[in-house]
Each structure stands twice: as structure tokens, then as C-alpha cells.
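Proteins get letters first, then strands, A, B, ... in listed order; numbering begins at 1 in each.
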2 protein chains.
Amino acid sequence: MRAFKHPQIEDVAIADVLHALSDPIRLGIVAQLAQEGEASCSALDGGRPKSSMSHHFRVLRDAGIIMSRPEGVSHLNTLRRDDLNDRFPGLLDAVLGAVR
Amino acid sequence: MRAFKHPQIEDVAIADVLHALSDPIRLGIVAQLAQEGEASCSALDGGRPKSSMSHHFRVLRDAGIIMSRPEGVSHLNTLRRDDLNDRFPGLLDAVLGAVR
DNA sequence: TCTATAGTTCGATAATATTCGAACAACAGT
DNA sequence: ACTGTTGTTCGAATATTATCGAACTATAGA
């Protein structure tokens, strides 16, 4: 898999982060990543079509919420916890607390 | 003005709150209410059309973020700080910190 | 090199949201 | 009652998102 360009966390706007998190499917992805630490796209798809999921991963990536690194034939995704906490202190924890 | 029905805070979903907060205009309303405590719709409209603003106030109200009480000919809006902190601890503060 | 796997990109459709003028409703003051 | 003020609701146009099949790309392994 090819590597992606991720935004600098300073360039991320709060409105974009909130929008990315306002979708139930994406919230589920974030919650699962919070639990499992790192997971491939297929481990997070819940049986949904790949093209739909690819869209959601892109939204999360563009909002600075996740990092996707290529690993063999797949992408391993992680939360950008530290970046998010630097930029928007307490936000991710509050959302994770709410979704749990 | 007629009184509105506001949702019970328990009935509010995190996704709806995040969606309501993901719009720059609504974020501005929330930030201004956080500063000023209570304000009428016209004090918060930034010169935009009333019907557009009325829509945004409704989204915020339906998401449990603001309370609008009739006062004479106008509506006075406040943040539902305590309710939000009960339901989604830390969320409002994190968003306000990010928008400031 | 052939095949299978994982995921992306494209393109079209459907669903939601936003914007805002016009008509309306509630209240205050005269 | 009439008028001005504040804001809501309706309806329609526009814009943004979401969904997902099909074609494609990159990698691993045989």
C-alpha cells in the first residue's frame, strides 16, 4: 500500500475534527482504535463495503484524527492521540468517554 | 415569543452534539454565549439573515447545547453547561478551549 | 509471473444540510 | 387597534455528504 500524506496537526481546524467525529460509523472506528491501539481497515469495517469505509478513513485522516501506515498489503491505523491532545486538549478523551 | 421544547439531556446523542458543533457559525454562537452568558438571537446573528440563524439555533437547541427562553419579544439563549457536563464531561470545555 | 488480498479512486445516485426570501406569530408601546 | 421589533416556519434552491459498484494499484506468496 502507498503511504498517505497526513496533515500537520496545527493545520487542523476544530470544525473539521468535530465534523469527522459526528458520524456514528467514524465514531465507532475511533472507539475501536482507542481500545485496540492499532488495526487494519478490514478489522474495522463491520462488514460494510470497502469503498464506503475508505471514504470514512479518509475523512478521519484529513481531520488529523488517525494515522494510517502501510504494512504489507494493508493499512494499519492508529489514533493521533498526542497530536490531538496538544492541539485540542481534552477533546478526544471527552468524546471517547461519551461514546463508551 | 413562544416557549420551545428542549430535549432531556439523557436523550441527546454524542453524534448530534458533535454535528451541531461542527459548523463555524454555530461554534461562534457557542463561544459568544460562553463569554456573555446570555444573549438574544439578534445579538448573535453577525448580520446574517434571520431565517438562517433561526435554523442554527434550532440545531443547537435540538442537540441539547443551548436553552432558549422567551423574554418579551425575543429569545434569550444560554448554554446548557451543567447538563452538558453531566452527560459529556469535559466536552464543552475542550471545544471552548479549541475555539478560543 | 500468476493469483489472491487489501485497500484506493472514480463516478453516479441518494440522502442531508445550508441558505435565505416571504409569510406569519407573539409581544410591547402608543 | 395599529405599528414596530424579534424571531419562527415554510418552501425552494443550492451545496455538501454518504453510499457503493466497478475498475484499478500495490504487495505477498506460490
For DNA chain C, determine which residues of residues 12-23 of chain B have any heavy atom closer than 4.0 angstrom to one of its atoms, and list them numerically. B:His19, B:Asp23
Near DNA chain C, which residues from residues 41-59 of chain A have a heavy atom under 4.0 Å away? A:Cys41, A:Ser42, A:Lys50, A:Ser51, A:Ser54
Can you pull the contact range of chain B along DNA chain D, 5' to 3', using atoms under 4.0 angstrom from its heavy atoms? D:dT5 to D:dT9
Applying side chain to side chain contact (heavy atoms under 4.5 Å, CB included), name anything that partners A:Ala43, two or more places apart in sequence or on another chain. A:Ala39, A:Ser40
From CG of A:Leu60 over to P of C:dG7, roughly how many Å is that when rounded to an integer? 15 Å
Does the side chain of A:Leu33 reach to within under 4.5 Å of the side chain of A:Leu44, using non-hydrogen atoms? yes
Any side-chain heavy atom of A:Ile14 sitting closer than 4.5 Å to one from B:Leu21? no
Using the C1' atoms of the five pairs at each end, what is the angle between the end axes of the helix from C:dT1-D:dA30 to C:dT30-D:dA1, to 10°? 30°
Are side-chain heavy atoms of B:Leu91 and A:Leu91 found at a separation under 4.5 Å? yes
Decide yes or no on side chain to side chain contact (heavy atoms under 4.5 Å, CB included) for A:Val12 and A:Leu84, but give the supporting numbers first. CA-CA 9 Å; A:Val12 169; A:Leu84 285 169; 5.8 Å; no
Return each pair, listed once, that meets ring-ring contact (aromatic ring centres under 6.0 Å, His included) where at least one residue sits in residues 61-100 of chain A; pairs must be two or more places apart or across chains. A:Phe4-A:His75
Who pairs with B:Asp83 by salt bridge (charged side-chain N to carboxylate O under 4.0 Å, His left out), at least two apart in sequence or on another chain? B:Arg80
Sequence-distant partners of B:Arg81, side chain to side chain donor-acceptor pair (under 3.5 Å), two or more places apart: none
Show which side-chain atoms of residues 45-64 of chain B pair as donor or acceptor with protein atoms under 3.5 Å away, not counting sequence neighbours.
| from | atom 1 | to | atom 2 | distance (Å) |
| --- | --- | --- | --- | --- |
| B:Asp45 | OD1 | B:Gly47 | N | 2.9 |
| B:His56 | ND1 | B:Arg26 | NH1 | 3.0 |
| B:Arg61 | NH1 | B:Ser68 | OG | 3.3 |

Determine, for nucleotides 23-30 of chain C in 5'-to-3' order, which nucleotides have protein heavy atoms under 4.0 Å from the base (write B), from only the sugar-phosphate (write S), or from neither (write -). --SBB---
Can you tell me which residue pairs pass the side chain to side chain donor-acceptor pair (under 3.5 Å) test with a partner in residues 6-19 of chain A, sequence neighbours excluded? none
Any side-chain heavy-atom pair from A:Asn77 and A:Ile29 closer than 4.5 angstrom? no
Tell me every residue that passes salt bridge (charged side-chain N to carboxylate O under 4.0 Å, His left out) with B:Glu36, counting only those two or more places apart in sequence or in another chain. none
Is there a side-chain contact between B:Val30 and B:Val99, using heavy atoms and a 4.5 Å cut-off? no
pair B:Asp82-B:Ile9: side-chain heavy atoms closer than 4.5 Å: no
Report yes if some heavy atom in the side chain of B:Leu79 is under 4.5 Å from a heavy atom in the side chain of B:Ile65; otherwise report no. yes
Quickly work out the B:Asp62 CG to C:dA17 C1' distance and round it to whole Å. 14 Å
